[in-house]
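What follows is a short report on a single structure.
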There are 4 protein chains.
Amino acid sequence: MAQIAVKQRADATRNRERIMAAAREVLLEYGADAPLDEVARRAGVGNATVYRHFADRQELAIQVAHSVMDRIADRAERLLIEEPDPFDALRAFVHEAADERVGALCPMLVARFGQGEPRLEEGRVRLQGAVARLMEAARRSGRLRDDIDVGDLMVAISQLTRPLPGSHCDMSRFIHRHLQLFVDGLEAPARSPLPGSSVTLEDLRGRD
Amino acid sequence: MAQIAVKQRADATRNRERIMAAAREVLLEYGADAPLDEVARRAGVGNATVYRHFADRQELAIQVAHSVMDRIADRAERLLIEEPDPFDALRAFVHEAADERVGALCPMLVARFGQGEPRLEEGRVRLQGAVARLMEAARRSGRLRDDIDVGDLMVAISQLTRPLPGSHCDMSRFIHRHLQLFVDGLEAPARSPLPGSSVTLEDLRGRD
Amino acid sequence: MAQIAVKQRADATRNRERIMAAAREVLLEYGADAPLDEVARRAGVGNATVYRHFADRQELAIQVAHSVMDRIADRAERLLIEEPDPFDALRAFVHEAADERVGALCPMLVARFGQGEPRLEEGRVRLQGAVARLMEAARRSGRLRDDIDVGDLMVAISQLTRPLPGSHCDMSRFIHRHLQLFVDGLEAPARSPLPGSSVTLEDLRGRD
Amino acid sequence: MAQIAVKQRADATRNRERIMAAAREVLLEYGADAPLDEVARRAGVGNATVYRHFADRQELAIQVAHSVMDRIADRAERLLIEEPDPFDALRAFVHEAADERVGALCPMLVARFGQGEPRLEEGRVRLQGAVARLMEAARRSGRLRDDIDVGDLMVAISQLTRPLPGSHCDMSRFIHRHLQLFVDGLEAPARSPLPGSSVTLEDLRGRD
DNA sequence: AATGAATGAGGGTTCATTCAT
DNA sequence: AATGAATGAACCCTCATTCAT
C-alpha cells in the first residue's frame, strides 16, 4: 500500500514536471494565450491532468514565471560572487536573463497575472534584490551611471527580449546586440540626462 | 444636394477615422489578434461597421500600419532637414517614433500581414530609407557608432515602446528613459563590440 | 411637376422590373437564401431600393413566384387550346414548365413563403386549374392513366427540375430526359398500381 | 476497469451516432450549408461535441454520405441476388433507396464535398457499380428500356425524394407514387425517345 | 491520480433589415 | 424615390474548463 502511494506520488511529480516543461515551450511558442491542450499533448498527458496539477491557466503561468525568476535570481547572485568586475557581472546577467527568456515568460509576472499573488511577489522581490545588489556594486565600482534604477533595467530587459509579435523566429542572433547596446548606454559617464522617472510597481500594476 | 452628399460622406469618414484610431489602440494592447469587436466597441460603432470599412482584419491592420509608418517617415525626413546635428536628429526621431507607437505597431503588423502586401512594403521602404539617411548623416558626423544597422534601431524602438502586457498604464514617463539609455549606447565611440547581426526582414517574417 | 412625377414613376417601375429580373437570376443561382445585396447589385440599384419596392425577402420571393406561375398557367392554357392531342399537350407543358424554372423558383411558393398568402394562393389555384383541365382532357383522350392527380404532377415536375444542391451546373441537358421518363410513366395503360395517395395542400403546408 | 472503459466508449459512441442521425436529418432539411448548431441541438449535445467527433462540416458530411451510400449499396447487392426478376429488383431498389434518403443526401454531399475525397469516391463507385449491375440485369431480362444510364436513375431518385423545401411533412405517402410513376417510365418498350444525355460527374461538380 | 469526453462562452464574419440623408 | 451606411443577429469554429468514469 505505502509503496503504491509512493509510486503514484512519484508519477504525479514526474507529470507535474513534464507539464511545466511543456508549458514553458508552449508559452514561448504561442505566447500567453497558448492552448492548454497543446501543453497537455506535449507533456504526454490528458488535458484534465493539467488541471489536476494547476487549477487554471493563471496558476500554471505563475509557476512557470516563478521558476524562471528563481533561476535568474540564482544567476544574479552567482555572478555577484563569481565575477570580479561588477559592471561585467551586470552585463553578463543581462545576457543570461535573455537566454532564460525572461522577456517571453515573465511579462505576466509584471502584469495582470501577478496581481497580489504572493509567490510571484516573493519571486520578484528576490530577483529585484539580487539585481539591486549587482547594480549597487557596479555603481560603487564607478562603471554604472547613477541615474538609473532597478526598474529601468528589469523592464528594459523584459521588453527587449520579448518575442516579436506574430513572428516565431529565433531572436537570439539580434537580441544580444540590442542588449549590448542598451548596456553600453548604462555605462558611466552618462552621455545624456535621463527624462522621466523609473518604473514603479504601480506602473506595472496598471490602472484597472 | 451637394450638402447632403458631403454630410453622408462626412459621417462615414468620421466613423472610419474613429475605427482607425480605436484599432491603433486595440492593436497595441492586444496584439495582432486583437478582437475586432473591441475595436468596434471603442470606436462606438457596431461590429459590422468595421467590416463595411475594412474588408477584413488584414485590411484594417494594413491601413493602420501604413498611416503610422507614413507619419513617422514624415518626421524622420523633417528632422533630417531641420535639425542641425544629425545625431540629435536621430535621438529626437527615436523619441518621436515612440510617441507615434511606430515601433509597437509596425513590426507586428508588417510581420503578420505584410507578406507581399505592396502598401506595407512601400511604407516600410520609405520609412527605412528615411531612417537610413538619418543614421548615415549621424554616422558621417562622427557621433553614431558604425557597427549598427537600421534594423537594429527599428526593432529596438519597437520592443522598448511596446505596451507592458496586461498593464494599461501610461508608459511615457519611463519609455523615454529607456530610449534615452539605448540611444546613449548608440553614440560613438562604441563602448563594446556587438555580437550577432542585425535583424532582417526574414526574421520579422518568422519561420512558419 | 406632373411630368416629373410621371418620370419618377416610370423610373420606379423600371427599377422594380430590374429588381424582379435580377431576383429571378439570383434566386436561381444561390437558392432561396440568396443575398439580397446581390440582387440589388445586379439590378444596378442600391440595396435599400429593393426594400422600398419589396417589404422583405418574402415579398420579393412571392412576387417572383407569382410571375412564374402566371407565365406557366398561360402556357398550359395556350397548349390546351392549340395542341390537338391533349397528352402531347401535357407532355409539352411539362417541358415548358421546366424551361420556366418552376422547380427552382416555386418550391418557395409551395412552402414557407406561401402560407396563407392570397396572391400565391390565387396563382396556385389558377395554375392548378389549368393543369387539371389539361389532365382531364388527356384522360378523356385515353392516353393518361387515371390513377394520378394534379398534385402528383405538379410536385414531381417541381422536384425533378430543382437545381442540384451545391452544383451550379446547367441542368437542361438531363432534366428533360428525366421529365420525359416521368411522362412516359404517366401514359395509359398504367404499368403498375400506384401506392399511397396524391399530394395535398396540407402536405405542402407542412406540420409546423 | 474494463467496464469503465467500455462505458466511456459507449457514451461517446452513442453521441457519435446521435450526431450522425441528426446530421442526416438536418442536411436533408437545410442542404449542405445546414447549421451545425442545429445538428448539435437535435442530437442533444453541445455544439463543440460535434467538432470533437467530426473535425469540420466536411468530415461530418462525408461520413454521413458514406454510411448512406454503403447501406444502400448493400441493398442493391442483396436485391440483385435475392429478387428473381431483375426489373422488380430495380423497382424495389428505387423504393428502398428513397427510404434511406440516398438520393437526397448523396448527390448533394458528393457534389459539395466529394472533390478528391477518397472515401466518397469509393462509396460512389461501389454504389454506382451495384446499381449498374442491377440495371444491366434488368436490361438483359428485356424489361428495362436501353436508352437510360445509371446517372439518370440516381439523380432522378435524388430529386424525387428530396424534402419539399420549408415543408416538414412526411413525404413517404406520395414519394413512392412518384417513384413508381418514374419506374413505369423506365420499363421497356420505351414509350418515347429521350432527349439530351445522362448526368455526368462533371455535372454534379458544377461549373464554378 | 488520470483521463477522454462534454460543454459554454467568445470572436470572426456575413447578411437581412433599418436609418438618415 | 433612392441610396450608402449602420446594425444586430446568426453561424462557424476554438478553447478553457468541468464532468464522469
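To find a chain, count down the sequence lines: A is the first, B the second, and so on, and within it residues start at 1. What's counted below: heavy atoms across the whole structure, side chains too, no hydrogens, waters or symmetry copies.
The closest side-chain heavy-atom distance from C:Arg16 to C:Arg52 is not below 4.5 Å. Between A:His53 and A:Glu17, the closest side-chain pair of non-hydrogen atoms is not below 4.5 Å. The closest side-chain heavy-atom distance from D:Ile62 to D:Phe54 is not below 4.5 Å. A 4.5 Å side-chain heavy-atom check between B:Leu36 and B:Asn47 finds every atom pair outside the cut-off. In this structure, the side chains of B:Glu59 and B:Arg119 come closer than 4.5 Å at one or more pairs of heavy atoms. Looking only at side-chain heavy atoms (C-beta outward), C:Arg18 and C:Arg14 come within less than 4.5 Å of each other. With contacts defined as side-chain heavy-atom distances shorter than 4.5 Å, the pair B:Met20/B:Arg24 does not qualify. Looking at heavy atoms from C-beta onward, A:Arg41 lies out of side-chain contact with A:Val26 at the 4.5 angstrom threshold.
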I need a per-nucleotide contact map over nucleotides 11-16 of chain F, read 5' to 3'. Cutoff is protein heavy atoms under 4.0 Å; write B for the base, S for backbone only, - otherwise.
SSBBBS

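A straight line from CZ of B:Arg52 to P of F:dA5 spans 6 Å, rounded to a whole angstrom. In this structure, B:Arg14 places its CZ atom 15 Å from P of E:dA20, rounding to the nearest Å. Rounded to whole Å, atom P of E:dT7 lies 10 Å from atom CG of D:Asp11. Between the CG atom of B:Asn15 and the C1' atom of E:dC19 there is a distance of 13 Å, rounded to whole Å. Separating the CD atom of A:Glu59 from the C1' atom of F:dT17 is a distance of 15 Å, rounded to the nearest angstrom. One interatomic measurement links the two molecules: CG of B:Leu60 to C1' of E:dT13, which rounds to 14 Å at whole-angstrom precision. Put simply, CZ on C:Arg18 is 13 Å from C1' on F:dA2, counting in whole angstrom units.
Of the side-chain N and O atoms in B:Thr49, one or more sit less than 4.0 angstrom from OP1 or OP2 of F:dT7. Considering only side-chain N and O atoms, B:His53 lies under 4.0 angstrom from the phosphate OP1 or OP2 of F:dA6.
One finds the CD atom of D:Gln58 at 10.5 Å from the CG atom of D:Leu109 (value rounded to the nearest 0.5 Å). Atom-to-atom distance recorded for D:Asp56:CG and D:Tyr51:OH is 8.0 Å, nearest 0.5 angstrom.
Other residues, nucleotides and ligands contribute at most 12 non-hydrogen atoms within 6.0 Å of the CZ atom of B:Arg101.
Taking a pair as Watson-Crick or G-U with both hydrogen-bonding distances under 3.5 Å, the stems of three or more pairs touching DNA chain F are E:2-21 with F:2-21.
Listed by residue number, the members of residues 39-46 of chain C with any heavy atom below 4.0 angstrom from DNA chain E form an empty set.
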